[in-house]
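To keep things clear, I will list the structure first and then write my remarks on it.
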Amino acid sequence: MISVLVVDDDFMVAKVHSGYIERTPGFTVAGVAHTGAQALALAARLQPDLVLLDIYLPDTGGLEVLRELRNGPTDPDVIVISAATDIDTLRTAQRGGALHYLIKPFAYAALHDQLRHFAALHTRLNELTTATQAAADEVFGARPRSALPKGLTPQTATLVTTVLNSTTPDISAAECAAATHLSRVSARRYLEHFVATGQAQVHLRYGTTGRPERRYRPS
């Protein structure tokens, strides 16, 4: 069983997320923390495989907890959960070693996908004795070079994907550009690539004048 520490300052949200964990075969809730101090203490005592970590905590910020966890003796893997949608928080979580970033509120299906991915990764790493390039690409989620058109990078694609998945109900290229600090042309190139590869859908919004606006949403 893969043990999970659930960290959230909201007792009801923590209960819901714990229920999601228990619904997923192969996973169990090792403990629940509502503050940063509790999270660090329980992580040291329980040594969970995975921490579901909220950003907004009443004492120590979640990003600081992430740094402490990743630099501590147990070093569990971490999935960040947060209502924060600013890019700086997203970048800091990524650089801090978070496996993924789920934006609240999310449905069970979104967490289930990440848990199943983590379980597959966990199993794969236990099976490996040496790392080939193919195995390293699989573990780190690298795309084949041909997967992205020339001029598009996996790092920026991940950034645009995160913004796209956090929008309700859809987003324009201009709005995506503002959220990611890309040019409008660059943002549209990524969005159109996602449409071409089935990762996004596009529809036209007609105004009173001018050309219709292209609006994008996840598939």
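What you are looking at is a predicted structure, and each value in this text was computed from that prediction instead of being measured.
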Taking the ring of F106 and the ring of H17, is the distance between their centroids below 6.0 Å?
yes
Check whether any side-chain heavy atom of T162 lies under 4.5 Å from a side-chain heavy atom of T85, and answer yes or no.
no
Salt-bridge contact E175-R215 (side-chain N to carboxylate O under 4.0 Å)
yes
Does the side chain of T161 come under 3.5 Å of the side chain of Y190 through a donor N or O and an acceptor N or O?
no
Does the side chain of L182 reach to within under 4.5 Å of the side chain of V160, using non-hydrogen atoms?
yes
From the list Q201, E192, H203, side-chain hydrogen bond (donor to acceptor under 3.5 Å, both in side chains) with Y216 holds only for E192
For the residue pair S186 / S183, report whether a side-chain donor-acceptor contact shorter than 3.5 Å exists.
yes
Any chance the rings of H34 and F11 have centres within less than 6.0 Å?
yes
One should read off an interatomic distance between N71 CG and L66 CG, to the nearest 0.5 angstrom, of 9.0 Å
Dump the intermediate steps for side-chain contact (heavy atoms from CB on, under 4.5 Å) on R205 and D170, then the final yes or no.
CA-CA 11 Å; R205 175 186 291 177; D170 51 35; 3.8 Å; yes
Which of parallel (below 30°), tilted (30 to 60°) and perpendicular (above 60°) describes F118 and F27?
tilted
Would you say the side chain of Y108 lies within less than 4.5 Å of the side chain of R23, judging by non-hydrogen atoms?
yes
Tell me yes or no: between the side chains of T89 and T92, is some donor less than 3.5 Å from an acceptor?
no
